[in-house]
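Chain letters run A, B, ... following the sequence lines, proteins first, then strands; residues in each count from 1. In this text, all values refer to a predicted model and were calculated from it rather than measured experimentally.
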Amino acid sequence: MNVFKGFRTQVLALLDGMVAAGELPAGLDTARVTVEPPREASHGDMSTNAAMVLAGQAGTSPRQLAPKLARCLETLPDVLAAEVAGPGFVNVRFAPGFWQAQVAEVLRAGLAYGTSTVGAGRRVNIEYVSANPTGPLHAAHARGAVIGDALANLLEKAGFVVTREYYINDAGSQVETLGRSAFLRYREALGEEIGEIPAGLYPGEYLKEVGRALADRDAGRWRDEPESTWLPVLRDFAIDRIMIGIREDLAALGIGITVFSSERALVAGGAVQAAFEALTARGLVYQGVLEPPKGKKPDDWEPRPQTLFRATDFGDDVDRPLRKSDGSWTYFANDIAYHLDKYRRGFTVLIDVLGADHGGYVKRMQAATTAITGGEAALDVKICQLVHLMDHGKPVKMSKRAGTFVTLRDVIDQVGRDVVRFIMLTRRNDQTLEFDFAKVTEQSKDNPVFYVQYCHARCRSVLRHAAQNLPAAALTPGALAAAPLDRLAEPEELALIRVLAAWPRLVEAAAEAHEAHRVAFYLYDLAAAFHGLWNKGKDDTTLRFLAADDPALTAARLALVLAVATVVASGLAVIGVEPVEEMRS
RNA sequence: GCGCCCGUAGCUCAACUGGAUAGAGCAUCUGACUACGAAUCAGAAGGCUGGGAGUUCGAAUCUCUCCGGGCGCGCCA
């Protein structure tokens with residue numbers, strides 16, 4: 001239960017009452033009325049902008065309207081005081097009991113605390129990773145994988161029905177190159193000396209295994225055949241082998257892709273032709289000649305008529321080609337068909353998580369999605385900026401040519417899956433991210449993974465201590481929820497409860513914004529509030545959780561501790577990280 | 001040249017989609033370890049939110065224009 005949203009409905013009800021009493025005109029637009037925690041804690045518990053939003057419509061001023069609303073708010077049972085502040089905010093203070101009750105809410109809900117229904121069962125398709133099946137996943141893929149996966153978790157928690165999808169680009173020239181490269185390794189596996197890998201083919205060592213596997217299966221069957229015979233076989237064989245490895249790597253990172261879509265199958269099924277015809281029927285396809293790109297003109301540029309999609313009608317900068325000069329479809333045309341396919345499978349909310357090099361692709365794909373679905377589906381594209389791999393502050397050298405690039409598997413093996421997942425969410429997706437092997441495994445407060453995990457471990461530690469003196473039955477969530485929570489009266493305790501109570505609101509806001517990183521930042525804030533209270537107990541022993549001479553107080557504080565552990569675990573579940581019981585030394 | 005993203009404390013980053021006096025963490029300075037684990041915490045100091053103009057009750061956020069960085073720019077995917 002989002003307490004802020006709950007209070008907003010109460011505010012709206014009071015406004016209706018003011019309308020009925022003739023204090024406000026009817027027909028006010030309350031859509032922009034918000035209830036938020038004030039930035040400054042001293043301003044109170046919640047703040048509403050209602051007077052400022054409505055004053056104009058009501059023909060009065062915020063400072064005149066606000067006091068009237070404040071008086072109404074003070075009639076509510078949980079409200080201690082409502083004050084007008086600044087340009088017309090109404091700040092509300094709640095009775096401690098209002099917050100204390102939230103602890104019991106957390107314990108009753110358990111890990112489901114924060115689960116919301118704002119998604120209302122709407123179906124969302126989120127496509128992520130979608131790395132070309134020409135080699136193993138490398139370190140940079142981790143970011144898109146985690147952002148997509150965490151966003152999927154987040155949206156599910158917010159009440160959306162989510163499909164997690166991986167688009168296999170198995171149709172273009174790159175997989176042909178893969179087939180040729182694999183053929184070379186196949187011949188090598190049969191004992192041939194292949195020498196240097198020619199330019200234009202993939203040199204990676206990982207293809208040796210592919211070549212060997214095919215040699216084991218088919219022996220010399222393809223060696224002396226023409227390319228037209230072996231290429232499809234080698235290509236498909238290599239794709240299958242590489243996709244097996246990719247799936248294993250994703251599993252190692254805990255990425256739960258549910259649907260793998262094949263570009264080749266899509267094309268073979270006539271989907272591109274169908275999408276093309278749909279666009280044509282809408283009058284959005286024509287033959288035309290594009291201007292050359294200014295400033296950076298390709299050497300072989302020559303004006304030529306092309307089959308173009310009217311992307312500029314939908315906000316793109318130029319119209320985009322759908323066919324290559326040899327008559328085959330462009331990647332863009334295939335992708336239009338793919339997005340139409342998603343729409344036809346019932347999704348109206350589409351999210352693509354793409355790498356930084358796809359930045360220039362966003363507008364055209366959004367234009368195409370709007371066009372092909374008649375505006376019924378909306379595409380949001382999350383661009384992941386680069387990840388700079390570092391070690392002890394120095395860049396990790398990588399060279400694709402020398403085959404020394406860092407694979408995703410390397411990273412997972414070195415620092416662990418939980419660390420990878422958490423760190424990838426410690427920056428907004430459109431901000432570059434530094435990933436330092438030394439720093440992310442450091443056991444200090446500089447390391448947010450550690451800091452948050454340490455919070456959970458401390459909570460569990462307290463509960464373990466309590467278990468030495470109390471029967472297990474007294475420590476269940478149900479028993480603790482029944483503790484005298486009104487004993488949680490210290491300012492720091494109430495402040496901590498406010499942070500807990502912000503979790504459901506954060507889930508909703510982050511889900512609507514499609515921003516999973518906010519969960520990581522929230523967890524950091526929650527951990528900070530808890531560590532602060534913990535340390536207060538160092539100076540002031542009356543603040544300690546376990547009060548030997550006061551069982552009732554102890555029970556109330558243990559309820560709070562368990563609630564903190566629960567919300568931390570709930571948040572980590574969205575990120576896809578396992579909460580730890582204790583820190584290993 | 002055009003488009004997209006970014007520019008916030010010395011450094012690394014937030015800021016709840018337009019809210020109040022822009023917040024954290026490092027680093028710096030001051031203080032707290034016979035402990036429910038100090039692997040932490042409290043306090044101080046640090047800002048013309050790259051510059052300028054506009055929109056309105058109100059702008060880091062929206063518009064325009066410069067400056068600086070990243071990514072991309074017809075038959076690669």
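Between A/Tyr451 and B/C41, a side-chain N or O to OP1/OP2 separation shorter than 4.0 Å is present. Between A/Thr134 and B/A77 there is no side-chain N or O to OP1 or OP2 distance below 4.0 Å. Under 4.0 angstrom from either OP1 or OP2 of B/G3 there lies no side-chain N or O belonging to A/Lys363. At the phosphate of B/C4, neither OP1 nor OP2 sits under 4.0 Å from any side-chain N or O atom of A/Lys382.
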Original post:
Passes side-chain hydrogen bond (donor to acceptor under 3.5 Å, both in side chains), A/Asp319 versus A/Tyr286? Steps please.
Top reply: CA-CA 10 Å; A/Asp319 293 335; A/Tyr286 70 102; 2.5 Å; yes

**OP:** Could you check A/Arg557 against A/Asp550 for salt bridge (Lys or Arg N to Asp or Glu O under 4.0 Å), going step by step and ending with a plain yes or no?
**Re:** CA-CA 11 Å; A/Arg557 287 183 173 167; A/Asp550 194 340; over 6 Å; no

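Not less than 6.0 angstrom separates the ring centroid of A/His43 from the ring centroid of A/Phe89. Aromatic ring centres of A/Tyr451 and A/Tyr524: separated by under 6.0 Å.
Annotated as syn: B/U17, whose O4'-C1'-N torsion sits within 90° of 0.
The nearest whole Å value for the distance from the OH atom in A/Tyr338 to the P atom in B/A77 is 17 Å. The nearest whole Å value for the distance from the CG atom in A/Asp525 to the P atom in B/A24 is 10 Å.
Using atom P as the reference point in both B/U61 and B/A22, the two lie 14 Å apart (nearest Å).
A side-chain donor-acceptor contact under 3.5 Å links A/Ser328 and A/Asp326. Under 3.5 Å, the side chains of A/Asp430 and A/Gln385 contain no donor-acceptor pair of N or O atoms.
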**OP:** Heavy atoms under 4.0 Å is the rule here; annotate nucleotides 6-21 of chain B 5' to 3' with B where the base is hit, S where only the sugar-phosphate is, and - elsewhere.
**Re:** S-----SSSSBB-BB-

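For A/Arg320 and A/Val462, each mapped to the nucleotide of RNA chain B holding its nearest heavy atom, the one lying further toward the 5' end belongs to A/Val462. Take the nearest nucleotide of RNA chain B for A/Leu290 and for A/Phe332: the residue whose nucleotide is more 5' is A/Leu290.
Both tests pass for A/Arg323 against the ring of A/Phe276: distance under 6.0 Å to the centre and angle within 45° of the axis. Figure legend: cation-pi geometry between A/Arg505 and A/Phe4, with NZ or CZ positioned under 6.0 Å from the six-membered ring centre and within 45° of its axis.
For A/Glu582 and A/Arg460, the salt-bridge test fails: no basic side-chain N is under 4.0 Å from an acidic carboxylate O.
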**OP:** With pairs defined as Watson-Crick or G-U wobble and both distances under 3.5 angstrom, please note down RNA chain B as a dot-bracket string, | for pairing with another strand.
**Re:** (((((((..((((.....[...)))).(((((.......))))).....(((((..]....))))))))))))....

